[in-house]
Amino acid sequence: MASITKEFLSGSTNGRPIKVVATATAGTTLHTAASGVLSKDEVTIYFSNTDTVERSVTVEFGGVTAPDDHLRFLVPPGETILGVPGIPINNGLVVKAFAAAANVVTASGYVNRIS
């Protein structure tokens, strides 16, 4: 039977939001999946925009090729939105993000590690 544990995003310190510093690829690292194929990380990430204008965010799943590896969306000013809705990854895949402006978007979330 599978076991599930809730984990912080690996790019976070003690579960704190991760400031998205990058404004282009390769983005700021948010999470690195467990190595191997026996475990899966179900990744959920919320993005908050502390700026006064809407900001675009691009999330990269293991690569930099648009559109194959990218999720793109807009975050309204002063809002928090669900950007990554529980997408399963494994085998050390790295999730990164970049935004239209540095230091105004943060990423918060968790991983359900299924093994």
Side-chain angles (χ1 to χ4, degrees):
M1 176 140 102
S3 70
I4 300 172
T5 57
K6 188 167 277 193
E7 305 286 341
F8 297 133
L9 297 173
S10 63
S12 170
T13 301
N14 302 321
R16 295 185 69 200
I18 303 163
K19 190 172 283 193
V20 179
V21 177
T23 58
T25 191
T28 301
T29 299
L30 305 180
H31 182 69
T32 302
S35 61
V37 296
L38 297 179
S39 293
K40 291 180 181 50
D41 285 354
E42 182 182 66
V43 182
T44 301
I45 306 174
Y46 296 86
F47 291 87
S48 298
N49 179 0
T50 61
D51 208 351
T52 58
V53 296
E54 185 174 68
R55 294 296 181 184
S56 66
V57 174
T58 301
V59 180
E60 302 171 305
F61 282 86
V64 298
T65 306
D68 297 350
D69 299 319
H70 289 177
L71 289 180
R72 296 196 67 201
F73 46 87
L74 298 171
V75 184
E79 297 289 328
T80 298
I81 67 160
L82 176 61
V84 180
I87 296 175
I89 61 173
N90 69 353
N91 210 21
L93 190 93
V94 179
V95 179
K96 297 182 177 199
F98 61 90
N103 301 315
V104 296
V105 173
T106 60
S108 303
Y110 61 90
V111 172
N112 286 323
R113 182 155 294 151
I114 305 163
S115 52

Chemist: Short question: side chain of T28, backbone of A22 - any donor-acceptor pair under 3.5 Å?
Modeler: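 Yes, the answer is positive, given that a donor and an acceptor are paired below the 3.5 Å cut-off.
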Chemist: Would V43 and V94 show up in the same hydrophobic cluster when neighbours are defined by side-chain heavy atoms closer than 4.5 Å?
Modeler: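 Each belongs to a different hydrophobic cluster.
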Chemist: Run through the side-chain heavy atoms of Ile, Leu, Val, Met, Phe, Trp and Tyr, join any pair under 4.5 Å, and report what else lands in F98's cluster.
Modeler: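 Listed partners: none, F98 stands alone.
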Chemist: To check you understand the geometry: which heavy-atom pair defines the closest contact between A99 and V20, and what is its length?
Modeler: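 The answer is N-CG1, 3.8 Å.
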Chemist: Give me the atom names and distance for the closest heavy-atom approach of A102 to T23.
Modeler: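 The pair with the smallest heavy-atom distance is N-CG2, 3.4 Å.
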Chemist: Can any side-chain N or O of T58 pair as donor or acceptor with the backbone N or O of R72 at less than 3.5 Å?
Modeler: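 No, the answer is negative, given that no donor and acceptor are paired below the 3.5 Å cut-off.
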Chemist: Considering only heavy atoms from C-beta outward, does the side chain of L9 approach that of V111 to under 4.5 Å?
Modeler: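 Yes, their side chains come closer than 4.5 Å.
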Chemist: Counting C-beta onward and ignoring hydrogens, is there a side-chain heavy-atom pair between I18 and T29 closer than 4.5 Å?
Modeler: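 When only atoms from C-beta onward are counted, T29 and I18 do not touch, as no gap falls below 4.5 Å.
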Chemist: Please enumerate all residues that pass ring-ring contact (aromatic ring centres under 6.0 Å, His included) together with F73, with sequence neighbours excluded.
Modeler: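 Per chain and number, F73 pairs via ring-ring contact (aromatic ring centres under 6.0 Å, His included) with F47.
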Chemist: State, to 0.1 Å, how close T32 and S10 come at their nearest heavy-atom pair, and which atoms those are.
Modeler: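 Between these two residues, the closest heavy atoms are N-OG, 2.8 Å.
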Chemist: Do you reckon L71 sits in the same ILVMFWY cluster as I89, going by side-chain contacts under 4.5 Å, direct or chained?
Modeler: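 Yes; I89 is reachable from L71 via cluster members.
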Chemist: Using 0.5 Å steps for rounding, measure from the CD1 atom of I114 to the OG atom of S39.
Modeler: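 The CD1 atom of I114 sits 9.0 Å away from the OG atom of S39.
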Chemist: Contact between L30 and I45 at the side-chain level, heavy atoms closer than 4.5 Å - yes or no?
Modeler: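 Side-chain contact under 4.5 Å: yes.
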Chemist: Kindly compute the distance separating NZ (K19) from OG1 (T106), expressed to the nearest 0.5 Å.
Modeler: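 Answer rounded to 0.5 Å: 8.5 Å.
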Chemist: Between F61 and V105, is there shared hydrophobic-cluster membership here, with clusters defined by ILVMFWY side-chain heavy atoms closer than 4.5 Å?
Modeler: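 Yes, F61 connects to V105 through the hydrophobic network.
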Chemist: Would a hydrophobic clustering, with Ile, Leu, Val, Met, Phe, Trp and Tyr connected at side-chain separations under 4.5 Å, put V59 with V104?
Modeler: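 Same hydrophobic cluster.
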Chemist: Quick one: pull up CD in E60 and CG in L93 and give me the separation to the nearest 0.5 Å.
Modeler: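 CG of L93 is found 11.0 Å from CD of E60.
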Chemist: Mind running side-chain contact (heavy atoms from CB on, under 4.5 Å) on V21 and N103 for me, showing each step along the way?
Modeler: CA-CA 5 Å; V21 177; N103 301 315; 3.4 Å; yes
Chemist: Find out if a path of hydrophobic residues (ILVMFWY) with successive side-chain heavy-atom gaps under 4.5 Å connects V57 to I81.
Modeler: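 Yes; I81 is reachable from V57 via cluster members.
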Chemist: Would you say N49's side chain and V75's backbone share a donor-acceptor pair under 3.5 angstrom?
Modeler: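 Yes, because the side chain of N49 sits within donor-acceptor range (under 3.5 Å) of the backbone of V75.
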Chemist: Do T44 and V84 have side chains that approach each other closer than 4.5 Å (heavy atoms only, starting at C-beta)?
Modeler: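 When only atoms from C-beta onward are counted, V84 and T44 do not touch, as no gap falls below 4.5 Å.
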Chemist: Could you measure the distance from the CD atom of E42 to the OH atom of Y110? Nearest 0.5 Å is fine.
Modeler: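 So the CD of E42 and the OH of Y110 are separated by 7.0 Å.
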Chemist: Can you name the closest pair of heavy atoms from K96 and A26 and give their distance?
Modeler: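 Here K96 and A26 meet closest at NZ-CB, 4.1 Å.
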Chemist: For residues 99-115, which residue pairs pass the salt bridge (Lys or Arg N to Asp or Glu O under 4.0 Å) check, not counting sequence neighbours?
Modeler: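 Of all non-adjacent pairs touching residues 99-115, those that pass salt bridge (Lys or Arg N to Asp or Glu O under 4.0 Å) are D41-R113.
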